[in-house]
Amino acid sequence: MTRLSVEMLAADTAEPITSAGHAQLGIAVLAGIAVIVLLITKFKLHAFLALTIGSLALGAFAGAPLDKVIASFTAGLGSTVAGVGVLIALGAILGKMLADSGGADQVVDTILAKWGGAGPQHLPHEGGGGRRASGRSMPWAMVLIASVIGLPLFFEVGVVLLIPVVLMVAKRGNYSLMRIGIPALAGLSVMHGLVPPHPGPLVAIDAVGANLGVTLALGVLIAIPTVIIAGPVFARFAARWVDVPAPERMIPQRASDELDRRPSFGATLATILLPVVLMLAKALVDIVVDDPGSTVQRVFDVAGSPLIALLAAVLLGIFTLARPAGFSKERVQGMVEKGLAPIAGILLIVGAGGGFKQTLIDSGVGQMVLEISEDWSIPALLLAWLIAVASRLATGSATVATVSAAGLVAPLAADMSTTHAALLVLAIGAGSLFFSHVNDAGFWLVKEYFGLNVGQTIKTWSVMETIISVVAGALVLLLSLII
C-alpha cells in the first residue's frame, strides 16, 4: 500500500471509535494482547482466530461500539490482504518453483563447490579421499547459501529445503553440526525478519507507509553484519556449547535427486535476484531523478513495484527454472497450485493482523502511544523494537509481533523522513525475532531436525535469534544517527 492510500485510510478513520482515556485504552491493549496470547499458547487456537477474537476483545475493553470494532477490523483485514496478499502468493509460487525444479539445489551445490568443497551429492564420505572444504570456509558458504535461498522463501520452507544440505555436509564432511547449521539458520532468519518481500517486513511497510525500495536497501545493509555476527561468529561458541552429531534419520531425499536435469546456477540466481534488483533500481531512480513527470522514473516506478517485480520473477522462472528441469505445462500449472495451497493460513494470519492493527489505530491506541513516547522521551525506533520484543516473547510468532507493533507505532511515522520510516520498519522486524522459545513453531522445527533437547535448542537457536534481534536493533539506532 502506498503512503497516499495509508493517508486516505487514516483520513477515513480519523475520529476514534471510542472516547476512552489513556488508562482505559492501556488496559484494553493489555487485555486484547493477553487474550491473543492465551488463545495461542494455552488453548492452541490458530493465530487467525486468536487475532480476530483479540481484536473484538480490545474494542470491547476500550468501550467502543461492537459494530464499529467489526468495521475497523474488516477494513484493516481487507486493506492488508489487498496490499500484501498478492505479494505473498507470488513469493510462494516462486519458492515452490525454485524448490521443485532443483534450482535451489543447484545454487547450494555450486556455492559449496566454489568454496573449496564438493556439492552435497559429491561430498566425501568419512575416510574418503575426495576434496573437503576447509572448516573455516564452510560456515561462510552456508550463510551465503541461506541468504540467497532465503530471499524468495518463507522461513519454514527455507529450513525444510536447507536442512538436508546442512546434515549431509556435517555428516559426510565431519563438521560440527552447530558450526554448519547456525550460519544457515541465521541467514534464513535475518532475511525473514528484515528483508522484503517476506510477509513481516511487507506488513510493517504497509502499516507505516514506508518506501519499500529504501527499506529493502537499508535492510540488506543491516542484514550483512547481523548475519555475520549471529552466523559464522556465534557458531564457534554454539559448537562448543552443544556438540551433537547430525541425526541420520532426518536426512531426507532432495528434490533434484529425482530429476534428470536441473536449471543452471546463473539462470537460477538471476531469477532469485530479479525482484530485488528491480525494487532497488526503483529506489535509486527515485533518489537520482526525483521528477515524477520523468518517463524514466515512471517506467521504474512500475517495473520496481513489488507486484510487477515478483510477477516478472515468477514468469521468468517458468523459462529459467521449470522448462530447463523438463516440466510440462501441466506440471507447471500443478506446481503453482501446490505453491499456493500452504499459504492460506499465512494470508489469514497476516490479514487478521492487519485487522488488529486497524482496531488499535481506530481505538485511539496509536495516538496514545505517540503521546506517551513524547512524554517519556523514548526514541521512536527503540519503542518500536521494545513493543515487538514484548509481543514476540508473549505470542512466539514473529509475524504477530510485527503486525502488533506496526499497528501501535504507525502514528510515529507520520512526521518521519523516508529513511527513518524505513528504519522504523526494520526496528520492528529486529524486535520480532527476539529470543524464540517454546511458544514458537520455529523452535520445535529446529529442535526436531537437529535432534536437540530443549536446553540445547535454547543455547543455540534461541540465543542466535536474540543476537540477531539485538545486533540489528543496535544497527538501526546507529544508522538513525547518521542518515
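- Taking 4.0 Å as the cut-off between side-chain N and carboxylate O, D440 and R392 count as a salt-bridged pair.
- Residue L284 holds its CG atom at 8.5 Å from CG of L280, rounded to the nearest 0.5 Å.
- In terms of heavy-atom proximity, G187 sits nearest to A146 at CA-CB, 4.0 Å.
- Taking every heavy atom of both residues into account, V332 and A322 meet most closely at CG2-CB, 3.7 Å.
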Going through the checks in order, is the side-chain contact (heavy atoms from CB on, under 4.5 Å) test met by F356 and I36?
CA-CA 10 Å; F356 181 66; I36 294 171; 3.8 Å; yes
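- Side-chain atoms of L212 and L202, non-hydrogen and from C-beta on, do get closer than 4.5 Å to each other.
- The heavy-atom pair separating A398 from L433 by the smallest distance is CB-CD2, 4.4 Å.
- Between the CD atom of E337 and the CD1 atom of I93 there is a distance of 10.0 Å, given to the nearest 0.5 Å.
- Side chains of L218 and I483 form a contact here, defined as non-hydrogen atoms less than 4.5 Å apart.
- Between F300 and V289 there is no side-chain heavy-atom pair separated by less than 4.5 Å.
- Using a 4.5 Å heavy-atom threshold, the side chains of Q297 and D286 count as touching.
- For the atom pair CG of L216 and CG of L194, the computed distance is 11.0 Å after rounding to the nearest 0.5 Å.
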Using a 3.5 Å cut-off and no angle test, enumerate the donor-acceptor pairs between side-chain atoms of residues 45-67 and protein atoms at least two apart in sequence or in another chain.
{"unit_1": "H46", "atom_1": "ND1", "unit_2": "F48", "atom_2": "N", "d": "3.0"}
{"unit_1": "T52", "atom_1": "OG1", "unit_2": "F48", "atom_2": "O", "d": "2.8"}
{"unit_1": "S55", "atom_1": "OG", "unit_2": "L51", "atom_2": "O", "d": "2.8"}

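- The two atoms that bring A238 and T460 nearest to each other are CB-CG2, 4.1 Å, heavy atoms only.
- L423 contributes atom CG, which lies 15.5 Å from atom CH2 of W385 (distance to the nearest 0.5 angstrom).
- The NE2 atom of H192 lies 6.5 Å from the OG atom of S432; values are rounded to the nearest 0.5 Å.
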Which pairs of donor and acceptor atoms, one on a side chain in residues 220-228, lie under 3.5 Å apart (sequence neighbours left out)?
{"unit_1": "T226", "atom_1": "OG1", "unit_2": "I222", "atom_2": "O", "d": "2.7"}

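- Of the options V389, L386, I467, a side-chain contact (heavy atoms from CB on, under 4.5 Å) to F434 is made by V389 and by none of the others.
- The minimum heavy-atom distance between A204 and V425, with the atom names listed, is CB-CG1, 3.7 Å.
- With S462 contributing its side chain and K459 its backbone, the two residues share no donor-acceptor pair below 3.5 Å.
- With contacts defined as side-chain heavy-atom distances shorter than 4.5 Å, the pair R298/V302 does not qualify.
- Residues I387 and S391 have side chains not in contact (no heavy-atom distance under 4.5 Å, counting atoms from C-beta outward).
- Here the closest heavy-atom approach between residue A405 and residue A384 is recorded as CB-O, 4.2 Å.
- No donor-acceptor pair closer than 3.5 Å links the side chain of S469 to the backbone N or O of T466.
- A distance of 11.0 Å separates CD1 of I458 from CD of Q456, quoted to the nearest 0.5 Å.
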Audit row: T271, L94, side-chain contact (heavy atoms from CB on, under 4.5 Å) steps and yes/no
CA-CA 9 Å; T271 306; L94 181 59; 3.9 Å; yes
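- Between V166 and Y449, every side-chain heavy-atom pair lies at or beyond the 4.5 Å cut-off.
- Among the candidates L412, T215, L424, V203, the single residue satisfying the side-chain contact (heavy atoms from CB on, under 4.5 Å) test with V208 is L424.
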Step by step, would you call L269 with V148 a side-chain contact (heavy atoms from CB on, under 4.5 Å)?
CA-CA 8 Å; L269 193 61; V148 172; 3.6 Å; yes
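- Between M97 and I318 there is a side-chain heavy-atom pair separated by less than 4.5 Å.
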side-chain contact (heavy atoms from CB on, under 4.5 Å) between L185 and F450: does it pass, once the steps are laid out?
CA-CA 11 Å; L185 292 173; F450 283 178; 3.6 Å; yes
